[in-house]
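What follows is one structure encoded as structure tokens, with my remarks underneath.
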Amino acid sequence: MTASSSGEGRAQPRRGRWLIVLGVVLVVIAALAVAAELIARQVVPDTVRSTVVEQLGLPAEQPMEVEVDGILVPQLIAGVLTDVRIASDDVTVGSFSGDVTAHAEGVPIRGGAAEGGTAEVRMSTEQLRSLLATIDGFPAESIELEGPNVTASTEVDLLGATIPLGLVLAPSAAGGDLLLAPVEGTVGEVTVTADQLRQQLGGLLEPLLQERSVCIASSLPAALTLQSIEVVDDELVAGFAIDGGIISDPALQANGSC
């Protein structure tokens with residue numbers, strides 16, 4: 001055996017041992033990374049949930065689902081959660097309640113503003129009735145949701161007779177308010193437009209034919225801007241834009257106004 005072949009024989013076992021050591025190190029690193037990700041998957045959603053509950057003044061036991069897209073450990077190292085989604089049913093804030101879903105992007109974990117987000121609140125008929133009950137003289141207990149409108153019914157006294165009145169109301173959003181504008185009415189068995197009712201019986205029905213509004217913004221953080229209201233099937237759906245500054249700005253965390 002030559003000296004060269006003897007040296008090569010000794011080098012091969014050493015290379016083999018280094019490969020084994022490297023393999024073990026990689027396995028350990030992978031295991032630590034998996035463990036860190038699993039821990040982050042438990043801690044981060046709980047932290048997000050606690051923050052939302054505190055800012056909205058919700059009950060500590062409020063059920064809430066929190067999802068953070070992507071692998072968490074790199075996001076934590078970078079200090080920004082790329083995509084956060086929150087869902088909670090039967091959320092009540094002030095007189096406003098419904099099933100909430102929210103989506104935020106670029107959420108910082110060390111202070112600062114998020115990139116922004118959106119939220120959607122779906123209200124059942126009963127939840128909408130509770131909200132509209134705050135309007136004086138409005139027959140909130142009679143409302144129904146018949147997309148794309150809201151309907152209400154009551155009785156009116158006309159010339160000494162009590163006559164049933166049905167109203168069709170178009171919902172919309174403006175300045176933080178939920179608006180309900182009469183578009184159609186049924187007196188007895190005759191259905192006409194709201195304008196025709198105003199022309200023919202305006203003095204008698206004027207209180208019922210006025211556009212009604214209820215302030216939603218005052219029940220929610222100022223960072224949430226009401227952008228849309230529509231009836232979808234048997235739910236009233238309210239859409240909001242979220243100012244990313246809500247993460248750190250006390251003014252945006254305080255309730256808004258109409």
Side-chain angles (χ1 to χ4, degrees), residues 40 43-60 62-70 72 74-124 127-128 130-132 134 171-180 213-232 235-258:
V43 173
V44 172
D46 286 345
T47 302
V48 172
R49 180 192 176 281
S50 297
T51 301
V52 173
V53 166
E54 179 181 355
Q55 288 190 354
L56 294 181
L58 301 177
Q62 177 73 40
M64 188 177 300
E65 296 180 4
V66 179
E67 295 182 3
V68 183
D69 287 350
L72 280 180
Q75 296 181 59
L76 295 177
I77 294 173
V80 177
L81 301 179
T82 305
D83 192 292
V84 180
R85 297 178 184 274
I86 300 170
S88 184
D89 292 342
D90 298 322
V91 176
T92 298
V93 182
S95 58
F96 186 55
S97 62
D99 297 342
V100 178
T101 57
H103 171 220
E105 297 179 341
V107 180
I109 61 176
R110 301 187 186 96
E115 292 178 7
T118 58
E120 183 179 88
V121 180
R122 290 181 171 267
M123 304 179 69
S124 66
Q127 289 169 328
L128 182 58
S130 296
L131 178 64
L132 298 181
T134 60
S172 62
D177 281 337
L178 160 62
L179 304 179
L180 293 175
S213 67
V214 58
C215 182
I216 290 178
S218 61
S219 296
L220 301 172
L224 276 70
T225 301
L226 179 62
Q227 292 192 312
S228 64
I229 292 281
E230 61 179 335
V231 176
V232 180
E235 294 179 313
L236 185 83
V237 182
F240 297 83
I242 304 176
D243 189 319
I246 191 175
I247 301 295
S248 57
D249 188 342
L252 292 175
Q253 294 169 3
N255 283 5
S257 59
C258 295

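Of all the heavy atoms in Ser257 and Ala217, the pair that sits closest is O-CB, 3.6 Å. Among all heavy-atom pairs drawn from Gly112 and Pro108, the shortest one is O-CG, 3.5 Å. Pairing each heavy atom of Ala222 with each of Ala251, the nearest pair is CB-O, 3.7 Å. For the pair Gly94 and Ser219, the tightest heavy-atom approach, listed with the atom from each and the gap, is CA-OG, 4.2 Å. Val68 and Gln75 get closest at one heavy-atom pair: CG1-OE1, 4.1 Å. Listed here is the closest heavy atom pair of Asp177 and Cys215: OD1-CA, 3.1 Å.
Counting heavy atoms from C-beta outward, Leu180 and Pro171 have side chains that approach closer than 4.5 Å. Using a 4.5 Å cut-off on side-chain heavy atoms (C-beta onward), Leu72 and Leu81 make contact. Taking the side chain as every heavy atom from C-beta outward, Val80 and Ile109 never approach each other to under 4.5 Å. Within the 4.5 Å cutoff, side-chain heavy atoms of Glu120 are placed close to those of Val237. Contact check for Ser95 versus Leu131: side-chain heavy atoms found under the 4.5 Å cut-off. When side chains are defined from C-beta on, Pro221 counts as touching Leu56, because their heavy atoms get closer than 4.5 Å. Considering only heavy atoms from C-beta on, Leu178 stays 4.5 Å or farther from Phe96 through its side chain. Residues Thr82 and Val107 have side chains not in contact (no heavy-atom distance under 4.5 Å, counting atoms from C-beta outward).
Interatomic distance, CD1 of Ile216 versus CG of Leu226, reported as 5.0 Å (0.5 Å rounding). The structure places CD1 of Ile247 at 6.5 Å from CD of Gln55, a figure rounded to the nearest 0.5 Å. Put simply, CD on Gln127 and CG on Asp99 are 6.0 Å apart, with the number rounded to the nearest 0.5 Å. For the atom pair Arg85 CZ and Thr101 OG1, the distance stands at 9.0 Å (nearest 0.5 Å). Residue Thr118 holds its OG1 atom at 11.5 Å from CZ of Phe240, rounded to the nearest 0.5 Å. Note that the CD atom of Gln253 and the OG1 atom of Thr51 stand 10.0 Å from one another [nearest 0.5 Å].
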(Q) Show, in sequence, the C-alpha distance, side-chain angles and deciding distance for Val44 and Val66, and conclude whether the side-chain contact (heavy atoms from CB on, under 4.5 Å) test is met. (A) CA-CA 9 Å; Val44 172; Val66 179; over 6 Å; no

Q.
side-chain contact (heavy atoms from CB on, under 4.5 Å), that's the test. Do Leu179 and Ser213 meet it? Break it down for me.
A. CA-CA 4 Å; Leu179 304 179; Ser213 67; 3.4 Å; yes

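In this view, Glu235 and Arg122 satisfy the side-chain hydrogen bond (donor to acceptor under 3.5 Å, both in side chains) rule, not counting sequence neighbours. In this structure, the side-chain hydrogen bond (donor to acceptor under 3.5 Å, both in side chains) partners of Gln62, at least two apart in sequence or on a different chain, are Ser88.
Under a 3.5 Å cut-off, the side chain of Asp243 and the backbone N or O of Gly245 do form a donor-acceptor pair.
Atom CD of Gln227 has more than 12 neighbouring heavy atoms from other residues, nucleotides or ligands inside a 6.0 Å radius.
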